[in-house]
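All remarks here apply to the structure that follows.
In what follows, chains are A, B, ... by sequence order, proteins preceding strands, each numbered from 1.
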Amino acid sequence: MLDRVFDPKSFETNFSFDIEASQRNLKAEPFMILLPPPNITGSLHMGHALCFTLQDIIARYKRLKGFDVLFQPGLDHAGIVTQLLVEKKIYASGVQKGTLTREQLLKEIWFWKESSGYKILDQMKRIGISCDFSRLRFTLDEDSKKAVSKVFVQLYKRGLLYRDQRMVNWDPLIETAISDLEIVEKEIDGHLWHIKYELEDGSDFITIATSRPETLFGDVAIAVSPNDKRYTRFIGKNVKIPLIDRIIPIIADKYADPKKGTGAVKITPAHDFNDFEVGYRHKLPIIDIFNTKAELNDKVPEIFQGMDRFEARKKVLELLGKKELLVGIENIKQILPFGDRSGVILEPRLTYQWFINVEKLAKPAIEVVKSGKIKFIPKHWENLYFEWLENIRPWCVSRQIWWGHRIPAWYGPNNQIFVAETESEAKAQAIKYYGNNSIELTQDPDVLDTWFSSSMWPFITLGWPQQTKELERFISNMIVVTGFDIIFFWVSRMIMMSLFAINEIPFKNIYIHGLIRDSKGNKMSKSKGNVVDPLSLCDKYGADAVRYTLSYLSSPGRDIKMNDQVVELSRNFLTKLWNVVRFAQMNGCTNDNEYDPNKVIHPLNKWIIFEIKNMVISVEEALENYRFDDATRFIYQCLWNSFCDWYMECIKPILQQTSLDYTKLEGYNLNQTLLKKEIRDTVAWSILQFTKVLYPITPFISKKLSGELGVVEISWPQIKNINIDFKQSIKEVKLLQGIISSIRSLKQCLQMSVGKKLNVKLEVMDTSEGNFIESHGIIISTMANINFVDSVNKQIPLVFNGAILHVGIDEKVDINKEKIRLKNEIENFIKMRDATIFRLNNSDFIQKASQNTIEEHKKRVEKLNDKISKIEYIIHNLEIIQ
RNA sequence: GGACAUUUAGCUCAGAGGUAGAGCAUCACCUUCACACGGUGGGGGUCGCAGGUUCGAAUCCUGCAAUGUCCACCA
């Protein structure tokens, strides 16, 4: 017997889903869910919980539907993040910065990974994610390394990957290049300083505006617009750079915008993307004044050398001020690029890096989505995908850090590059090239962008480059579930790489879920302190409640506002379910394998079977379309409104009765014992259907409760074989519900004294409905809390098909309220009826509306007329009493 | 500057060319034997605004507004 109190902690931790997650059926249709590998530095946040839960719902549903499901977990080595974290730890322990060798650092990181890198997997298990943990993959394991090298070489051989000296975004804290996607732009309050540059001969000066005065040491020209009359006379003359008096030319270039600043702009090719372009056009030199940490180098006067860029700015301004060359300061809003990992302002920097010419890879990737081979759900995310791919720029894939896939490129003495999967192959190439086998090769010190290996995740997890059975079976039969924020980083690159490396689409569907927000709709962030921790929610309400909430709130294209209150709702629902099973146990309802829903006789049983069948069909349809919200809602409504509020309440009086016998009734042929047995079996059967459809969403409680009723293995409901004719039963139960609701409303309106039962005289017409009402009187009297009597004095008649219920009322009761209520009701019905009649009288409507619609309208008028006349009858009688 | 999304009850959100929905909150009543994390009965909305298409628009189209997000640019 279940505990009186529903406490998820009492059973959730007892369950493990490892076995079913690893069970495979090679004869069944394959289906894979591509789990985005969390970082080894990660711990489970709400976004993970959402993403993984939705995937787990799909995985479990597909398993129940008989698919061969592969749901494989993985971990991402997360280059920069992990290296920063471990370095910080090492430095905190007293090690001097910069003294660590590459080998020492890598050893420390591997050690850290083995001791703390698996935390998130346990947290995933806590929320019931049923991956096959025996197939765990890591983006930096040996097989991944082989695959990464192979693809790198392929790209290189096809000319899609190259090494080049170009301007890149440089992170001076981590001292590495990063890709365009790793930039976060932030608006800050900045200044525009106006600085005088004197002409070489001292005869005049030109004033430029800059937000970065410290870069003047790297200036190589002043540019003005060729159309700017203010400056025409300066073009071709030379100026002296303030403080250092180096001579540079004034040039005309369309880049200089007369409307911006002073119209004259200093050109510093080494430290600005646009200036680099201008410098290139005018064949100007490039003077890089920073080291890798963005400290000033030996290209500047000695007092500035080694100075940080911001310190240098202050000093430059101070000196300019003293020389009266600083002639104005404007306050401006600036949008500056920050490193998303380091949080510092990035510097444009000219370096040698490896780039992928993604433009070529993008074309087929656009095509597979345009042609519908790959679908985004919701569809509108395609726009974002296309927009990015159509304007894509080369992807800088090299990083000047140590933790990651080492670039498989080696350099000979004259810097000749040898790209190969292994060092010995590179060596072989070198021997051929130099005709000499005593050549020393040095491997490129850099590693690849973490997203390079992530982009290969769909096929490296399946064993590529080996042609495994899994690869053949599951590639292209996948769904990926993720957030919109990594469509660029991950999704699009996986599509490009799969098409390139294995010539297959990696997956068919991309489900893009919403963003988790706090209850006010703000993004969750540590700095705001509004982060909701999924694991503490699990501790408070249970993992099932958290999962249920996420599923319930996952409407396509909408963000999820998460707070305790919504999880409470889920917990309440699960409590309800828990108590339903307690009821079943108290009434001896357990699973009977002989039970056949097609053979039930009692209309209530037929009706609830019908309701459940419909619910299952709806849930299936919803899940097939990834409408987790709908699926959850259908189950909720069926369990709570149909099963608990009506079915269970109706059968209670029957189970408690000792003298009820349906054998007399035509077509029933149910004696007391058989009837109760049929009800108990239907209760158990119904609950089991609920545990089945809920299993993908709330696996813990489903498993627990199903077990309580004697079923250990959970399967998807078999409802296709249920083919009884429900029509009559639905009609009867609706009649029953109508009668009960009417009496309840009436009673409430009359404000009868607490707990007092109404006396009702039942007048039965000799019809099947009449007989039905009479024989189910026990249900009506219990549910509506009335006594059936032979006669009543002062009464209100309630008219139904087949019977009139004369509701006896107290002499003192004020029936005016009831009259007002009924008059309002009748007014509404009349309005509705007249609107419908008006439409039917409209010749355009009759001509143009569909036949079905017209029929519906006619039926509606009939029904409304019937209701109206019944209420009129009651009002008429009320007036007589008065 | 460009694009996308959102706008429906006090709140959170479904819906959708033909009678405006749910949960929470609210009001009234009820400790009845599965459940007060419960039950019963109520109240509450010109579906952001303005046009258009249609017999009929909350729903389709156009424009606008507000909010959010992304991309691009900025001396």
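For the P atoms, the distance from B:rU40 to B:rC24 is 11 Å, rounded to whole Å. Across the P atoms, B:rC55 and B:rC49 are found 25 Å apart, a figure rounded to whole Å. Rounded to the nearest Å, the gap between the C1' atom of B:rA3 and that of B:rA72 is 11 Å. Taking atom C1' in both B:rA22 and B:rG45, one finds a spacing of 14 Å when rounded to whole Å. Spacing between B:rG43 and B:rA36 at atom P, rounded to whole Å, works out to 28 Å. As rounded to the nearest Å, B:rG18 and B:rA57 have P atoms that lie 11 Å from one another. Atom name P, nucleotides B:rC4 and B:rA20: the rounded distance is 32 Å, in whole Å. For the C1' atom pair drawn from B:rG17 and B:rC47, the interatomic distance equals 15 Å after rounding to whole Å.
The A:F488 side chain lies nearest to B:rC71 when the options are B:rC71, B:rU12, B:rC24. The side chain of A:N842 lies closest to B:rC55 when the candidates are B:rC55, B:rA5, B:rC35. When distances run from any side-chain atom of A:R744 to the nucleotides B:rC35, B:rC13, B:rU40, the shortest one goes to B:rU40. Picking from B:rA34, B:rC74, B:rG23 the nucleotide with the shortest atom distance to the side chain of A:L569 gives B:rG23. The side chain of A:R582 has B:rC35 as its nearest neighbour among B:rC70, B:rC35, B:rA28. When distances are taken from the side chain of A:R558 to each of B:rA34, B:rU6, B:rG23, the shortest belongs to B:rU6. Set against B:rU69, B:rC73, B:rG41, the side chain of A:I335 has B:rC73 as its closest nucleotide. Among the nucleotides B:rU7, B:rA5, B:rG38, the one closest to any side-chain atom of A:W640 is B:rG38. Nearest nucleotide to the side chain of A:R821, out of B:rA3, B:rG42, B:rC24: B:rG42.
Across all strands, A:Q334 comes closer than 4.0 Å to no nucleic acid atom at all (heavy-atom distances). A:A256 comes within 4.0 angstrom of a base, heavy atoms only. Counting non-hydrogen atoms under 4.0 angstrom, A:D257 reaches a base of the nucleic acid. Counting any heavy atom pair closer than 4.0 Å across all strands shown, A:F634 reaches no nucleic acid atom. Counting any heavy atom pair closer than 4.0 Å across all strands shown, A:T853 reaches a base atom. The residue A:R393 sits close only to the backbone: its heavy atoms come under 4.0 Å of sugar-phosphate atoms, none of a base. Among the protein residues, A:M586 comes within range of the sugar-phosphate backbone only, with heavy atoms under 4.0 Å from sugar or phosphate atoms but none that close to a base. As judged by a 4.0 angstrom heavy-atom cut-off over every strand, A:L384 is placed among residues touching the sugar-phosphate backbone only. If you check every strand for non-hydrogen atoms under 4.0 Å, A:R571 touches a base.
Residue A:N572 has no polar side-chain atom (N or O) positioned under 4.0 Å from OP1 or OP2 of B:rC35. Distances shown here put every side-chain N or O of A:S555 at or beyond 4.0 Å from the OP1 or OP2 atom of B:rC13. Distances shown here put every side-chain N or O of A:R839 at or beyond 4.0 Å from the OP1 or OP2 atom of B:rU54. Note on A:K652: a side-chain N or O is less than 4.0 Å away from OP1 or OP2 of B:rA34. Under 4.0 angstrom from either OP1 or OP2 of B:rG39 there lies at least one side-chain N or O belonging to A:K576. Checking the phosphate oxygens (OP1, OP2) of B:rC35, a side-chain nitrogen or oxygen of A:R4 falls inside 4.0 Å. Contact check, A:R627 against B:rG15: a side-chain N or O comes under 4.0 Å of OP1 or OP2. Note on A:R633: every side-chain N or O is 4.0 Å or more away from OP1 and OP2 of B:rG15. A close approach under 4.0 Å does occur between a side-chain nitrogen or oxygen of A:R860 and OP1 or OP2 of B:rU19. OP1 and OP2 of B:rG56 both lie 4.0 Å or more from every side-chain N or O belonging to A:K848.
Between A:F6 and A:W578, the gap from one ring centroid to the other is short of 6.0 Å. Ring-centre distance between A:F643 and A:F690: below the 6.0 Å cut-off.
Between A:Y636 and A:Y552, the ring planes lie tilted relative to each other; the angle falls in the 30° to 60° range. The aromatic rings of A:Y231 and A:F234 sit tilted relative to each other, their planes meeting at an angle between 30° and 60°. Relative ring orientation between A:Y511 and A:F628 is described as perpendicular, the plane-to-plane angle rising above 60° on a 0-90° scale split at 30° and 60°.
Annotation: of the two residues near RNA chain B, A:H857 and A:E568, the 5′-most nearest-nucleotide partner is A:H857. Each of A:S519 and A:A264 was matched to the nucleotide of RNA chain B holding its nearest heavy atom; the match closer to the 5' end belongs to A:S519.
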Run the salt bridge (charged side-chain N to carboxylate O under 4.0 Å, His left out) test on A:E390 and A:K370 for me, step by step, so that the C-alpha distance in whole Å, both residues' side-chain angles and the decisive distance to 0.1 Å come before the verdict.
CA-CA 12 Å; A:E390 278 159 9; A:K370 283 234 158 105; 3.3 Å; yes
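Shown are A:F484, A:W388, A:F376; of these, the ring pair (Phe, Tyr, Trp, His ring centres under 6.0 Å) with A:W381 is made only by A:F484.
In this structure, A:I487 places its CD1 atom 19 Å from P of B:rA3, rounding to the nearest Å. Taking atom CG of residue A:D272 and atom C1' of nucleotide B:rC73, one finds them 12 Å apart after rounding to whole Å. At whole-Å resolution of the value, CD1 in A:I739 and C1' in B:rU40 are 18 Å apart. One atom, CD of A:E649, and another, C1' of B:rG39, lie 8 Å apart when rounded to the nearest Å. Whole-Å rounding puts the A:I512 CD1 to B:rU69 C1' distance at 14 Å. To the nearest angstrom, P of B:rU19 lies 19 Å from CD1 of A:I830. One can place CG of A:D844 at 22 Å from P of B:rG17, the figure rounded to the nearest angstrom. If you take CD of A:E187 and P of B:rC74, they are 15 Å apart, rounded to a whole angstrom.
Under a cutoff of 6.0 Å and an axis angle of 45°, A:R313 and A:W193 do not form a cation-pi pair.
Side-chain contact between A:V224 and A:I206: present, with at least one pair of heavy atoms (C-beta onward) separated by less than 4.5 Å.
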Map every base of RNA chain B to its dot-bracket character, where paired means a Watson-Crick or G-U wobble contact with both distances under 3.5 Å and | marks a partner outside the strand.
(((((((..((((....[..)))).(((((.......))))).....(((((..]....))))))))))))....
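A:D3 places no side-chain N or O within 3.5 Å of a backbone atom of A:V5 that could act as its donor or acceptor partner. No side-chain donor-acceptor contact under 3.5 Å links A:Q737 to the backbone of A:W646.
One side chain, A:R839 or A:H857, offers a donor N or O that lies under 3.5 Å from an acceptor on the other.
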